[in-house]
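Written below as structure tokens is the structure these notes are about.
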Amino acid sequence: MTPLIALPPSPLRLRIDAAALAHNWAALNALSAPARAGAAVKADGYGLGTAHVVPVLARAGCRDWFVAHWGEAGAVLAHVPAAAIAVLHGPLTDADVAYARATGLRPVLNSLRQIARWIDGGGGVCHVMVDTGINRLGLALADLGDPLLARLDIDVCMSHLASADHDIAQNALQLARFTAVRGTVAARRYSLANSAGIALGPAWHGDLTRPGIALYGGVVRPELAGVVRQVGYPETAVLQVRDVAAGESIGYNATFVAPRAMRVGVVALGYADGYLRCWSNRGLLRWGDVRLPVLGRVSMDLTAVDVSQAPDVGEGDWLTVEYALPQAAAQSGLSQYELLTLLNRRFARAAG
Ligand SMILES: *Cc1c(COP(=O)(O)O)cnc(C)c1O
């Protein structure tokens, strides 16, 4: 049954700072030069919403897009040409091959089996992933002499760094292996660096870089601090304000006991929204400049915050969740990637 009235607004919003997102792409593209930066937009644009991030990035100048699943490509395809979208998981079945050929999406071929499946299905321009040491997806170096490779029309030959966010010998090892790959696999373009790889320096850039997390405000290496700006701002409405007497406890299992009389705001945010229980007695919301610490356990749909210092806060007011990724990761123990991709569909996303 279709309701006859529009759904009222959600008490959860994820505000996307479009100017910061465009700035981040331009900054990463400039750092990548003379290579160009593409954009990893898998997992619904790292949780921010494909429909919100892709148009902003396209206007900023991005021309190459990376998703993981075939099912993610459609939302990107609504905004950019199919041939510009690479599907990282590659064709697992003949149905994937048929889908790629019908839509014009570009598969990333990760194994000799995927290459054979692509050629048998009719083939066409493709990308190839070579594993240089992460031991995740990609052709093994030992596979590169296989005659099947010579039958491909390869746009981007890529590999993926395992530890670019750390200064360890693996980065130079992967670069050396990739340099050898470039001499073996004929392709129009070569691509190695993710966000952190861009900060490693020009030797890692090839022709095309593939930033993801840094576009969305992740600071995965110190060089990116001051370059990358926060993009996602979770906001939640106050459902109720209550007075709690000294000695009363708040939330499940009474993990917080009020040391004094307090004014407590209860907001429409919980672990079902991706605001996990690690924020219990630890997270911070804001009302303008006023800091509102989380009190007690985060529950499924609700969280309590101390609004004693914000006497104006009342039902229906909007509070901002502290969610600068590097700081939030340090505080919560979650990775910057997890923090973003956790935020669920109850958030109304809007770019502005
Ligand atoms: C996710 C992904 C990226 C982007 O990585 P970030 O660390 O988010 O910049 C690039 N390349 C591949 C193959 C990926 O899977």
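First listed ligand is number 1; within each ligand, the first listed atom is number 1.
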Q: Indicate yes or no: at least one non-hydrogen side-chain atom of Val181 is less than 4.5 angstrom from one of Tyr190.
A: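 No, side chains not in contact.
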Protein contact to [atom] [nearest heavy atom, distance to 0.1 Å]:
atom                   : value
atom 9 (O) of ligand 1 : Ser195 OG, 2.5 Å
atom 7 (O) of ligand 1 : Tyr337 OH, 2.6 Å
atom 2 (C) of ligand 1 : Lys42 NZ, 2.4 Å

What atoms of ligand 1 come within less than 4.0 Å of a heavy atom belonging to [X]?
X      : answer
Ala40  : 4 (C)
Tyr46  : 1 (C), 4 (C), 5 (O), 6 (P), 8 (O)
Pro211 : 9 (O)

Under 4.0 angstrom from ligand 1, any heavy atom of [X]?
X      : value
Arg136 : yes
Ala214 : no
Met129 : yes

Q) Does Arg15 come within less than 4.0 Å of Glu235, counting only side-chain N to carboxylate O? A)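 Looking at Glu235 together with Arg15, the answer is yes, because their closest N to O distance falls below 4.0 Å.
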Q. Does Asp64 pair with Arg36 as a salt bridge, N-O distance under 4.0 Å?
A.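 So Asp64 does not pair with Arg36 through a salt bridge.
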Q | Test side chain to side chain donor-acceptor pair (under 3.5 Å) applied to Thr132 and Gln174, His160, Arg177, Gln170, the passing residue | A |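 So the option named by the test is Gln174.
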Q.
Heavy atoms only, cut-off 4.0 Å: how does Arg210 contact ligand 1, side chain, backbone, both, or neither?
A.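 Both backbone and side chain.
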(Q) I need the contact type for Val220 against ligand 1. Using non-hydrogen atoms and a strict under-4.0 Å cut-off, is it side chain, backbone, both or neither? (A)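 Val220 to ligand 1: no contact under 4.0 Å from either part.
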Q | Sequence neighbours excluded, every pair satisfying side chain to side chain donor-acceptor pair (under 3.5 Å) that has a member inside residues 196-205 | A |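 As it turns out, there is no side chain to side chain donor-acceptor pair (under 3.5 Å) pair with a partner in residues 196-205 once direct neighbours are skipped.
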Hey, can you pull the donor-acceptor pairs under 3.5 Å for the side chains in residues 343-352, sequence neighbours left out?
| unit_1 | atom_1 | unit_2 | atom_2 | d |
| --- | --- | --- | --- | --- |
| Asn344 | OD1 | Arg346 | N | 2.9 |
| Asn344 | ND2 | Ala272 | O | 2.8 |
| Arg346 | NE | Asp273 | OD1 | 2.7 |
| Arg346 | NH1 | Asp301 | OD1 | 3.2 |
| Arg346 | NH2 | Asp273 | OD1 | 3.1 |
| Arg346 | NH2 | Asp273 | OD2 | 3.3 |
| Arg346 | NH2 | Asp301 | OD1 | 3.0 |
| Arg349 | NE | Gly47 | O | 2.9 |
| Arg349 | NH1 | Asn344 | O | 3.0 |
| Arg349 | NH1 | Phe347 | O | 3.2 |
| Arg349 | NH2 | Gly47 | O | 2.8 |
| Arg349 | NH2 | Leu343 | O | 2.8 |
| Arg349 | NH2 | Asn344 | O | 3.2 |

Q) Side chains of Ser308 and Asp306: donor-acceptor distance under 3.5 Å anywhere? A)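 Their side chains do contain a donor-acceptor pair, which is all the 3.5 Å distance test asks for.
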Q. Which heavy atom of Asp146 sits nearest a heavy atom of Leu148, and at what distance?
A.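 The pair with the smallest heavy-atom distance is OD1-N, 2.8 Å.
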